[in-house]
Amino acid sequence: MPCSSSTSTITGDNSSKKNRDGSSSLREFKLNESTFLASNMPKKEIGVDRFLDAHPEYDGRGALIAIFDSGVDPAADGLQTTSDGKPKVLDVIDCTGSGDIDTSKVVKADADGHIGGASGASLVINTSWKNPSGEWHVGYKLVYELFTETLTSRLKKERKKKWDEKNQEEIAKAVKQLADFDQKHIKVEDVHLKRAREDIQNRLDILRKQSESYDDRGPVIDAVVWHDGEVWRVALDTQSLEDDLNSGKLVDFVPLTNYRIERKYGVFSKLDACTFVVNVYNDGNVLSIVTDCSPHATHVAGIATAFHPKEPLLNGVAPGAQIISCKIGDSRLGSMETGTGLTRALIAAVEHKCDLINMSYGEGTLLPDYGRFVDLVNEVVNKYRLIFVSSAGNSGPGLSTVGAPGGTSSSIIGVGAYVSPAMAAGAHCVVEPPSDGLEYTWSSRGPTADGDLGVCVSAPGGAVAPVPTWTLQRRMLMNGTSMASPSACGGIALVISAMKAEGIPVSPYSVRIALENTAVPIGDLPEDKLSSGQGLMQVDKAFEYIQKCQDVPCVWYQIKIQQSGKTNPSSRGIYLREASACMQSTEWTVQVNPKFHEDADNLDDLVPFEEYIELHSTEETVVKSPDYLLLTHNGRTFNVVVDPSNLSDGLHYFEVYGIDCKAPWRGPLFRIPITITKPKAVTNMPQQISFSKMLFQPGHIERRYIEVPHGATWAEATMKTSDFDTARRFYVDAVQLCPLQRPLKWETAVTFPSPAAKSFAFRVVSGQTLELVISQFWSSGIGSPETASVDFEVVFHGIKVNQDVILDGSDAPVRIDTETLLVSEELAPVAILNKVRVPYRPVDSKISALSTDRDKLPSGQQILALTLTYKIKLEDGAQVKPHVPLLNDRIYDTKFESQFYMISDSNKRIYSSGDVYPSSSNLPKGEYTLQLYLRHDNVQILEKMRHLVLFIERNLEEKDVIRLSFFSQPDGPLVGNGSFKSSSLVPGIKEGLYIGPPQKEKLPKNSPPGSVLLGTISYGKLSFAGQGENTNPEKHPASYTISYIIPPNKIDEDKGKGSSLSSKKNVSERINEEVRDTKIKVLASLKQETSEERSEWKELSALLKSEYPKYTPLLATILEGLVSRSNVKDKINHDEEVIGAANEVIDSIDREELAKFFALKNDPEEEEAENIRKKMELTRDQLAEALYQKGLALAEIESLKDGDKSPTSAATEGAKGGLDKKQSTDDRKDLFEENFKELKKWVDVKSAKYGILLVTRERRAQRLGTALKVLCDIIQDDAEPAKKKFYDLKLSLLDEIGWTHLATYERQWMHVRFPPSLPLF
């Protein structure tokens, strides 16, 4: 995710502090207009002013930066040109595919120059557009899918306001109509008048209800792509975005082409003010409309390179540099980066021959310097010499909180966030700025899990910089390491500009060492390097260093460290965090490998390389190393001994570094970071530890390290504050490191309006060092002379259990052994099952090669895609989440490139999509398709994943959550005694108990055998828990997962028993029935698409009718076959056939006998009675279907003979393929009404199955409001996926009533409910 936050006032993501003595001398710090403007875009802090004063032409000219981010707005202020007049933005690319449109459909214009758009709209082609082939690729997009949530929210409010105005006009008309009716008809007794009044009331109710349920899914834009003989061209129809119907027409659009060709962009409309560019891929079959998914990238690009000729103080760091925008934040996921976006961005950066990459994105990781993206970055840096700069993260101030990739990857320059007094006073407008510059409190800290420093250098972490035009402002304040990274990147661009101008070869190796060895330290303590890296970078000093090193080989010194006597994976530093590692000396083998770029020459570069290194330790009493090392191309090893035994409790940082004996001015060529966090043991009984009288001023941080006692599973902490006046806000963090896991981090922000005490509880891992970090929020208490005093007490608790609880589906309980090793605890177990996880295998898998346009790696390897299709059926609506254990929750620390899933219904409507962090979504009852899209360049890896198991995790409703019972006896669940509630656990004495399986009748429906119920179990009570907290295990900090495997279903004892009716028949009768039923099945299976097939069907149906006259199931099948015909030319004749077939079904049924049966009560327990009931219900349904189809046919004949086809064609579309209108003759009217009344006797005519006929009836009577209400009720009550025939009918009714605003609204929704195809991945 982006590593920043935005604000227009003081934010919580910054830190400052007073002088140590609490003086207020800095109140004298004053800004004038120029220093104020300069503080909004800080550059002086990193020496930019000195550098540009000395080298005004080296302002970034010749440097090209790839911005890996959320997408840059090329229309933003300051991003049009460079300082020397060149275009600023050379390319804008959506690497995620979130703006892709399928334009594979090709159409040709008619004689009038019209084409059919993909949305169904008729579009006019501009006659001046060149298109030698005459082929137009068409596609469409819901425009909100291209906009940010903020922009969408603004548009929805503005559009709703206009829509409400139109709706209120119609409501006013309906109210007046109703009032006039009541005035004219004082007493309404006539049934026709009652229905007329009801119709007006229904119209009014619909309008009011629609206003309450309004949900704007946004306008649809049509896209047209064509080749003009030279390049691909794109035009959009954006009429739906405009108030003026003459604006936004396709014919008036100025065609665009791929941005890099002409560097032109468009704006959708004045209302949204959103800039977009286009790119065409795959021979015109894919159109990418590129918009930003947040203001983040534009802000980042502005910090690095903005050029404001009229206000140079607001220039970015390198106004002469150019950029390409690589959007890695996926609009479908808010702004989350994806593997696809990251890989395509690297491909684009190499293709454009970029010098630098800035990436202000990052996530936590369980393995540092690992993963496919890191592998690709290593190649890009080492082979193509790109300099990769990235944010370290905003998860501080705890140690080891640096994120991937910026803070954890060796090939990337990770940047921490720094704030200067001028920035605090100017950009953040604080009352009292800090005395000295310092690292922001929230800036992530090192070291990495394998001991590397984590942060390379620091740069200003806040700025007022350009933002996209859709924000309706020119610039905005944001802060974060996201802002520090482009500040550093811009500074490096200045250096590269100078290197190119002076003919110095550019190498990421030489640039990095120059930055590190010329940075100004931040803070006075050695451990401050864990916060700020080597310090605040200095552009001028770095370039001077590079000038002196022109003849020095470009080498990166790779460090691999192994603890002697251990076979653990190598590390990049020494990190002694746990208590056992801090008690004695340890010996480490350090391997130094000089790494050259891939184009280095063996004879000229590798063979001659030889350096005499003098090794230094920053504290020889703790860290001992050899004095000298002779280093050649093949590398050398040496040993280091670390003895932390005499160190005091707390944080200690040391380094071993190597100096070139022949050129000591070069500074350290490599550094070995050594971090020691020596924890304090908890010796008190009970197991608690206190820290008293910790004094805090704004921005102050206190760190304490505690050895968590063995047996502890949670901690309860109390924080008491005193000695202050104004309210104070604190951050409290607790961090532990566990192997192959992301840091276990608990954090809270707490505000004390006045001196008080507050308590917290958090999970801990037994035996692991706990870092406790307490920091006063940087702006909290500013202006107050008081210093806050904090007392902090931590009490450790724990109940140890012998195993994870897995209930295997049997009736047996599971025994759990519990014990406490610390203090007496109340054993009060609580367990619930609140989720069900169902496994699925793919029903289809397909591997395909992707387009070479953007999916071919720099190495030449083609990326492949595996698409897996899963079928999911939900018997009831539910909240579900897909889960792929192999792939989820890892973006950077994975060897797989990317994943993406989409869940769609039978109408192809997308309900949910996601990637590594699946989200829950509410799905109604129905059948769904989940497509999982996986990318990699290795086909063998994809082949292994063809049968990948995917889980659908469904949350149980509150009423269905299962609370499990505990017992003191093994037979308790069966006999019902020995219930276990609670007891006191004494240290050293184990106690056993049993947890019983859930009762079978409480198992959730639609949970197939093999699926798993998941939940949570806890064992202890919190001492300060509020009411109800101890009854919900999910709220307990030391809770664990519990699972129950759904067993096989019980055998149906009645299954397989023969029917008593069939058993009474002889063999001959049963054979004849089987033959008859088989013949009917054959008839039902015949197609009727061609005249030959229809003729064959007619012959067989006539033959069977003669063979089985008056047999209702046969007649019903014949009727069904007639109704299912499509492309009927003579509709009246066809309808007459349907009516005839329906009459045959009706006449074959003894309706009097049927009515008598349903009037009687039947005993369902008698098998024979049950079989008779099923047969009668089938007959009734066949009768109802015949009456229904007959009614539709009658209505259609009336309409066709009246010659009015337009408004009624949708009335029976899909249901029958017909229409209805006013009755033309009394005879026809009587037939229809008579038929309808007969249908009403047998079924609910308001149901989804038969409701269309009721709608038709009301419409024939011109009671359009009632017809629409009936239809809306049908749609609302229908639990199945949306049926297009219903919505087509609704649209036709709205058009006939004249409610254009509602019709427009429904048409937009049609594109959501019934898209023609699934979107592209």
Side-chain angles (χ1 to χ4, degrees), residues 94 96-107 116-120 137-146 217-218 220-223 225 281-289 330-333 338-341 840 842-851 854-855 863-874 880-882 884 898-915 918-919 921-924 926-935 942 946 948 950 952 1280-1284 1287 1308-1321:
D94 179 1
T96 68
S98 57
D100 285 1
I101 301 175
D102 183 354
T103 51
S104 58
K105 182 180 179 181
V106 178
V107 299
S119 73
H137 293 251
V138 294
Y140 79 91
K141 190 81 168 175
L142 291 163
V143 76
Y144 284 176
E145 294 177 0
L146 299 170
R217 296 304 292 263
V220 171
I221 55 172
D222 271 289
V225 177
Y281 302 108
N282 198 16
D283 295 326
N285 292 317
V286 176
L287 166 65
S288 173
I289 297 182
D330 196 305
S331 297
R332 296 167 293 189
L333 307 177
T338 64
T340 297
Y840 291 88
V843 298
D844 184 49
S845 64
K846 181 182 179 182
I847 295 178
S848 56
L850 299 176
S851 167
R854 50 181 174 172
D855 290 312
I863 298 174
L864 309 172
L866 169 64
T867 305
L868 301 175
T869 303
Y870 302 82
K871 294 294 184 181
I872 301 161
K873 185 175 183 180
L874 295 179
V880 303
K881 180 171 75 172
V884 187
S898 68
Q899 56 190 286
F900 203 91
Y901 71 85
M902 289 190 289
I903 301 176
S904 59
D905 65 8
S906 55
N907 295 317
K908 300 185 180 67
R909 175 183 175 180
I910 299 297
Y911 276 84
S912 178
S913 61
D915 67 337
S919 58
S921 54
N922 292 311
L923 302 184
E927 295 184 357
Y928 296 89
T929 298
L930 186 150
Q931 285 193 312
L932 180 62
Y933 180 78
L934 307 172
R935 290 166 43 109
L942 294 179
R946 276 188 179 272
L948 187 68
L950 173 143
I952 293 294
E1280 301 296 325
K1283 297 180 176 63
K1284 191 170 185 296
Y1287 289 94
Q1308 290 173 358
W1309 260 99
M1310 292 292 278
H1311 295 289
V1312 177
R1313 294 188 181 104
F1314 310 105
S1317 60
L1318 290 171
L1320 301 174
F1321 282 100

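The first residue of the sequence shown is numbered 1, and numbering continues consecutively from there.
- In this structure, F1321 and F900 have perpendicular ring planes: the angle between them is above 60°, well past the 30° mark.
- Remark: the T929 side chain and the K871 side chain contain an N/O donor-acceptor pair separated by less than 3.5 Å.
- With rounding to the nearest 0.5 angstrom, the OH atom of Y144 is 7.5 Å from the CD atom of Q1308.
- Between the H137 side chain and the K105 main chain, no donor and acceptor come within less than 3.5 Å of each other.
- With hydrogens and angles left out, the side-chain atoms of N282 and S851 include no donor and acceptor closer than 3.5 Å.
- We find the CG-OG distance between L333 and S913 to be 6.0 Å, quoted to the nearest 0.5 Å.
- Inter-residue side-chain proximity for N907 and R1313 is flagged as unmet; no heavy-atom pair is nearer than 4.5 Å.
- Ring pair Y933/Y901: centre-to-centre distance not below 6.0 Å.
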After noting the C-alpha distance and the side-chain angles of R946 and I847, does the key distance pass the side-chain contact (heavy atoms from CB on, under 4.5 Å) rule?
CA-CA 9 Å; R946 276 188 179 272; I847 295 178; 3.6 Å; yes
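- Side-chain atoms of S288 and D100, non-hydrogen and from C-beta on, do get closer than 4.5 Å to each other.
- Nearest heavy-atom pair, V220 versus S119, reported as atom, atom and distance to 0.1 Å: CG1-CB, 3.9 Å.
- A 4.5 Å side-chain heavy-atom check between I101 and V286 finds every atom pair outside the cut-off.
- Atom OG1 of T867 and atom CD of Q931 lie 6.5 Å apart (nearest 0.5 Å).
- Between L934 and L868, the closest side-chain pair of non-hydrogen atoms falls below 4.5 Å.
- Once rounded to the nearest 0.5 Å, the distance linking CG of L923 with OG of S904 reads 10.5 Å.
- In terms of heavy atoms, A865 sits closest to L850 at CB-CD2, 3.7 Å.
- Every residue meeting the side-chain contact (heavy atoms from CB on, under 4.5 Å) condition with S104, not counting sequence neighbours, appears here in chain and number order: D102, N285.
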Show your working on side-chain contact (heavy atoms from CB on, under 4.5 Å) between D905 and Y911 and close with a plain yes or no.
CA-CA 8 Å; D905 65 8; Y911 276 84; 3.3 Å; yes
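- With a 4.5 Å cut-off on side-chain heavy atoms, Y140 and I221 do not count as touching.
- The minimum heavy-atom distance linking T96 with S98 is given by the pair OG1-OG, 2.9 Å.
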Test side-chain contact (heavy atoms from CB on, under 4.5 Å) on L146 and K141; report intermediate values, then the result.
CA-CA 8 Å; L146 299 170; K141 190 81 168 175; 3.9 Å; yes
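- Under the salt bridge (Lys or Arg N to Asp or Glu O under 4.0 Å) criterion, D855 pairs with R344, R935, sequence neighbours left out.
- Counting heavy atoms from C-beta outward, L142 and H1311 have side chains that approach closer than 4.5 Å.
- Residues S921 and S912 approach most closely at OG-CB, 3.3 Å, considering heavy atoms.
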Checking T103 against V138 for the side-chain contact (heavy atoms from CB on, under 4.5 Å) test, could you report, in this order, the C-alpha distance in whole Å, the side-chain angles of both residues, the deciding distance, and whether it holds?
CA-CA 5 Å; T103 51; V138 294; over 6 Å; no
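- The two residues P882 and P918 make their nearest non-hydrogen contact at O-CB, 3.1 Å.
- Pairing each heavy atom of A1282 with each of Y1287, the nearest pair is CB-CE1, 3.7 Å.
- Geometric assessment of R854 against the ring of Y281 yields a positive cation-pi assignment under the 6.0 Å and 45° thresholds.
- In this structure, the side chains of L950 and L930 come closer than 4.5 Å at one or more pairs of heavy atoms.
- Counted by atom type alone, T340 and T338 present zero donor-acceptor pairs between their side chains at under 3.5 Å.
- For the atom pair L866 CG and L942 CG, the distance stands at 5.5 Å (nearest 0.5 Å).
- We find the CD1-OH distance between I903 and Y928 to be 9.0 Å, quoted to the nearest 0.5 Å.
- Under the 4.5 Å side-chain criterion, counting only non-hydrogen atoms from C-beta, K908 is not in contact with F1314.
- With respect to I910, the side-chain contact (heavy atoms from CB on, under 4.5 Å) criterion is satisfied by exactly one of E145, M902, R332: M902.
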